[in-house]
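We're numbering straight along the sequence, starting at 1.
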Amino acid sequence: MNYGGSAVTGLANRVTGHVHIIGAGLLGASIGLNLTQKGTVVTLADNSPTALALASDYGAGTPLTDEILSAVGGPQLVIVATPPETVATVVAAALKTWPKAVVTDVASVKLPALRELRAAGIDTTRYVGSHPMAGREKGSAVMARADLFVGRPWVICRDQETPAAALNAVEALAIELGAVPTEWEPQEHDAAVAMVSHLPQIVASVLAAQLNKAQARNLNLSGGGVRDTTRIAKSDPELWVQILGANHAEIAPLLRGFAEDLETVATAIENPDQRGSRSALADLIDAGNRGVERLPGKHGSTLAFANLQVIVADSPGQLARLLTDLEELKINMEDLRLEHSPGAEIGFANVAVLPEVADRARTALGERGWRIL
């Protein structure tokens with residue numbers, strides 16, 4: 001019996017042996033889907049029988065049984081994909097249960113679990129904390145994807161005691177899943193995700209919560225701005241309470257600074273004619289521009305692109321025609337974002353191109369019948 005699922009021929013597998021995944025939610029099931037498709041022996045465990053059965057039905061692995069252990073032996077790699085508040089306990093149990101296995105976890109906060117393990121006197125030599133910077137607004141195996149990690153950073157936290165073999169096992173996992181491994185200190189990682197992940201989540205949720213106070217008619221005017229800034233607000237409350245609690249030391253100062261900036265804006269808007277109010281607003285907007293420019297874009301570059309907003313009819317084949325026209329005109333599309341128009345049978349394709357080809361692209365597309373705002 002092939003406990004690892006159906007193998008895909010022709011794919012070199014860097015992850016060998018038996019892999020055991022504890023936690024059959026979005027991340028655990030996505031890892032399992034990828035590995036089982038390549039013939040790796042993947043077993044699963046989860047406190048929820050339903051979650052376990054669901055992940056197994058989707059092909060993410062096989063529930064761990066004595067029969068499987070007898071056939072393939074213990075795991076060489078254990079991946080803990082449980083909620084943040086249980087990670088340290090589950091990692092400790094895995095290290096004890098599987099004395100020959102490398103154990104990693106995929107929690108979004110790294111330092112608290114490591115401190116808890118060390119405080120309990122647990123030997124963390126075979127433990128390598130890690131965090132794939134990938135996810136979706138909703139969890140569970142239903143949302144799992146084998147390509148979830150492709151092209152995404154996978155943070156690996158090591159210390160001076162981490163053996164090369166343990167580090168290599170986790171790096172091999174990240175590369176096998178199509179991710180880009182990068183080594184960070186746990187505290188550095190937690191500070192970074194507080195800024196680029198946890199603070200945006202709070203801001204988006206607070207902003208989206210204000211929509212509950214709006215009249216339904218007003219929401220009909222919603223455009224790309226409110227949708228872009230609230231997209232990640234549709235998240236799992238229980239999971240985020242755990243994440244924010246685990247990383248509270250890094251997040252709280254950021255929130256205080258954010259609140260101070262909001263207070264500055266509120267004061268300036270309340271007193272628009274007071275000397276300095278308009279410059280305070282302009283300075284903040286300008287600082288926002290500079291902050292956005294610092295975000296790495298395509299291939300990690302901070303190069304700014306020109307955006308063409310093309311009106312696209314909401315009918316089959318129109319977007320494909322636009323992409324074909326760009327190809328025939330030899331205009332490389334650096335990025336693409338779609339926006340729908342409420343109440344109208346059109347949409348907007350925001351096409352990013354290099355600034356030096358923007359005028360030619362605008363003229364050439366116009367000659368082919370495209371309306372560009």
Side-chain angles (χ1 to χ4, degrees), residues 108 131-135 137 150-155 179-185 188-208 222-233 235 247 250-251 253-269 276-310 322-323 326 331-339 348-363 365 372-373:
S108 58
H131 178 209
M133 299 299 294
E137 286 78 25
V150 173
R152 304 300 301 167
W154 190 301
V155 177
V180 182
T182 176
E183 291 187 22
W184 288 61
E185 294 290 333
E188 288 180 324
H189 164 273
D190 290 358
V193 295
M195 172 60 76
V196 302
S197 176
H198 303 166
L199 179 63
Q201 175 65 52
I202 296 171
V203 172
S205 294
V206 171
L207 177 58
S222 300
V226 69
R227 296 181 190 280
D228 287 348
T229 52
T230 60
R231 180 185 62 81
I232 60 173
S235 300
N247 206 22
E250 298 291 348
I251 300 170
L254 297 178
L255 281 175
R256 296 296 181 193
F258 185 76
E260 290 175 4
D261 285 345
L262 281 182
E263 183 60 32
T264 298
V265 172
T267 300
I269 291 176
S277 290
R278 289 182 172 82
S279 61
L281 293 174
D283 288 346
L284 187 63
I285 298 297
D286 180 63
N289 290 335
R290 288 183 279 112
V292 169
E293 289 171 357
R294 295 190 65 199
L295 292 174
K298 185 177 181 182
H299 308 313
S301 169
T302 56
L303 179 66
F305 299 120
N307 287 292
L308 306 178
Q309 193 171 41
V310 185
L322 173 61
L323 299 182
L326 288 169
I331 296 171
N332 190 49
M333 181 176 64
E334 306 294 338
D335 199 2
L336 173 67
R337 182 170 59 85
L338 298 177
E339 181 182 339
F348 305 98
N350 292 288
V351 180
V353 298
L354 291 174
E356 56 264 32
V357 303
D359 288 342
R360 180 170 69 86
R362 189 177 290 106
T363 300
L365 288 174
I372 302 175
L373 300 180

Applied to residues 257-269, the salt bridge (charged side-chain N to carboxylate O under 4.0 Å, His left out) test, sequence neighbours excluded, yields none
Pairwise side-chain contact, [X] with [Y], heavy-atom cut-off 4.5 Å (strictly under):
{"X": "Leu199", "Y": "Leu255", "result": "yes"}
{"X": "Leu365", "Y": "Ile372", "result": "yes"}
{"X": "Pro200", "Y": "Ile232", "result": "yes"}
{"X": "Val351", "Y": "Leu322", "result": "yes"}

Is there a donor in the side chain of Asn332 and an acceptor in the side chain of Glu334, or the other way round, less than 3.5 Å apart?
yes
Give the minimum heavy-atom separation between [X] and [Y], together with the two atoms involved.
{"X": "Ile251", "Y": "Ala194", "value": "CG1-CB, 3.9 Å"}
{"X": "Val193", "Y": "Ser108", "value": "CG2-O, 3.7 Å"}
{"X": "Ala306", "Y": "Pro355", "value": "CB-CA, 4.0 Å"}
{"X": "Ala361", "Y": "Leu308", "value": "CB-CD1, 3.6 Å"}
{"X": "Ala134", "Y": "Arg152", "value": "CB-CG, 3.9 Å"}
{"X": "Ala179", "Y": "Pro181", "value": "O-CD, 3.5 Å"}

Between [atom1] on residue [X] and [atom2] on residue [Y], distance to nearest 0.5 Å:
{"X": "Arg362", "Y": "Gln309", "atom1": "CZ", "atom2": "CD", "answer": "11.5 Å"}
{"X": "Asp286", "Y": "Leu281", "atom1": "CG", "atom2": "CG", "answer": "12.5 Å"}
{"X": "Trp154", "Y": "Met133", "atom1": "CH2", "atom2": "CE", "answer": "12.0 Å"}
{"X": "Ile331", "Y": "Leu323", "atom1": "CD1", "atom2": "CG", "answer": "12.0 Å"}

- Excluding sequence neighbours, so at least two apart, what forms ring pair (Phe, Tyr, Trp, His ring centres under 6.0 Å) with Trp184?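 Expected list: none.
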So, does Asn247 use its side chain to make a donor-acceptor pair with the main chain of Asp190 at under 3.5 Å? yes
Whether Ser205 side chain and Ile202 backbone form a donor-acceptor pair below 3.5 Å: no
